[in-house]
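One structure below.
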Amino acid sequence: MIARNCDKRSLMALTQKLRFVDLGSGAGEATIMATQKGYQALGVEINPTLIIISELKKMRQFGLFTSSSMNCEFRSTNLLSLDYSKFDVLFMFGK
């Protein structure tokens with residue numbers, strides 16, 4: 001793809017990874033899938049046991065210290081404490 005007549009912001013958008021946040025990430029499936037699709041992904045879950053399960057799944061899927069594992073992060077925190085302006089995609093799944 002050749003970019004012509006583009007401003008600096010447009011060119012930066014082509015090279016930067018989109019930021020994905022999974023609110024209430026559970027065992028991490030959606031966050032891991034987003035990482036596989038090329039997003040820089042964050043899973044947020046208040047239950048620390050599910051964070052451990054998510055981290056184990058991440059290690060099993062990507063290994064340790066790979067570029068994919070570095071683009072996939074899980075945090076045990078309150079949803080209200082996040083700055084949502086830093087993310088391009090907000091994801092929440094509910095029944």
Side-chain angles (χ1 to χ4, degrees):
M1 178 179 156
I2 298 173
R4 294 189 180 130
N5 299 324
C6 291
D7 60 1
K8 188 175 181 180
R9 180 178 285 168
S10 297
L11 289 174
M12 287 179 61
L14 293 174
T15 59
Q16 291 180 341
K17 287 187 178 287
L18 292 176
R19 301 259 310 146
F20 173 97
V21 62
D22 182 5
L23 306 173
S25 61
E29 289 90 355
T31 307
I32 290 170
M33 188 180 300
T35 304
Q36 290 171 329
K37 298 287 184 185
Y39 289 93
Q40 186 173 355
L42 169 66
V44 179
E45 175 60 52
I46 201 160
N47 184 337
T49 303
L50 288 174
I51 293 293
I52 292 168
I53 292 169
S54 299
E55 288 289 348
L56 291 172
K57 284 184 176 182
K58 177 178 85 169
M59 285 189 286
R60 183 175 177 190
Q61 182 70 35
F62 301 122
L64 289 174
F65 308 114
T66 63
S67 62
S68 291
S69 70
M70 298 297 180
N71 287 322
C72 185
E73 179 185 354
F74 294 97
R75 283 191 214 155
S76 179
T77 188
N78 189 322
L79 298 177
L80 300 176
S81 66
L82 287 177
D83 179 10
Y84 294 106
S85 67
K86 296 179 182 179
F87 298 98
D88 302 298
V89 178
L90 301 176
F91 178 83
M92 180 181 278
F93 179 78
K95 293 183 181 183

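- Every pair passing salt bridge (charged side-chain N to carboxylate O under 4.0 Å, His left out) that includes a residue from residues 21-37 is listed here, sequence neighbours excluded: Glu29-Lys57.
- In the hydrophobic cluster analysis, where Ile, Leu, Val, Met, Phe, Trp and Tyr join through side-chain heavy atoms closer than 4.5 angstrom, Val89 is grouped apart from Leu42.
- For the atom pair Ser67 OG and Lys17 NZ, the distance stands at 7.0 Å (nearest 0.5 Å).
- Minimum interatomic distance between Arg75 and Ile51 (heavy atoms only, all atoms of both residues): O-CD1, 3.3 Å.
- A single hydrophobic cluster is seen to contain both Leu90 and Val44, as judged by linkage of ILVMFWY side chains at heavy-atom distances under 4.5 Å, directly or through other members.
- Between atom CD of residue Gln61 and atom OG of residue Ser54 there is a gap of 13.0 Å, rounded to the nearest 0.5 Å.
- Residue Met92 is grouped with residue Leu82 when hydrophobic side chains (ILVMFWY) are merged at heavy-atom distances under 4.5 angstrom, including chains of intermediate members.
- Applying the side chain to side chain contact (heavy atoms under 4.5 Å, CB included) test to Leu56 and every residue at least two apart in sequence or in another chain returns Ile52, Met59.
- For the atom pair CD1 (Ile32) and CZ (Arg60), the distance works out to 10.5 Å, reported to the nearest 0.5 Å.
- Applying the side chain to side chain contact (heavy atoms under 4.5 Å, CB included) rule to Ile46 yields no partners; only residues at least two apart in sequence or on another chain are considered.
- Here the side chains of Leu23 and Phe87 are not in contact, with every heavy-atom distance at 4.5 Å or above.
- A 6.0 Å sphere centred on CZ of Phe65 holds no more than 12 heavy atoms belonging to other residues, nucleotides or ligands.
- Taking CG from Asn71 and OG1 from Thr66, the interatomic distance works out to 8.5 Å, rounded to the nearest 0.5 Å.
- Across all their heavy atoms, Ala27 and Ile53 have their closest contact at CB-CG2, 4.1 Å.
- For the pair Gln40 (side chain) and Arg19 (backbone), a donor-acceptor distance under 3.5 Å is absent.
- Closest approach of Phe74 to Gly28, counting heavy atoms only: CE2-CA, 3.6 Å.
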For a side-chain contact (heavy atoms from CB on, under 4.5 Å) check, start with the C-alpha distance between Phe62 and Met70, then their side-chain angles and the critical distance, and finish with the verdict. CA-CA 9 Å; Phe62 301 122; Met70 298 297 180; over 6 Å; no
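- Once rounded to the nearest 0.5 Å, the distance linking OH of Tyr39 with SG of Cys72 reads 14.0 Å.
- The closest side-chain heavy-atom distance from Thr35 to Lys58 is not below 4.5 Å.
- Here the side chain of Ser76 pairs no donor or acceptor atom with the backbone of Asn47 at under 3.5 angstrom.
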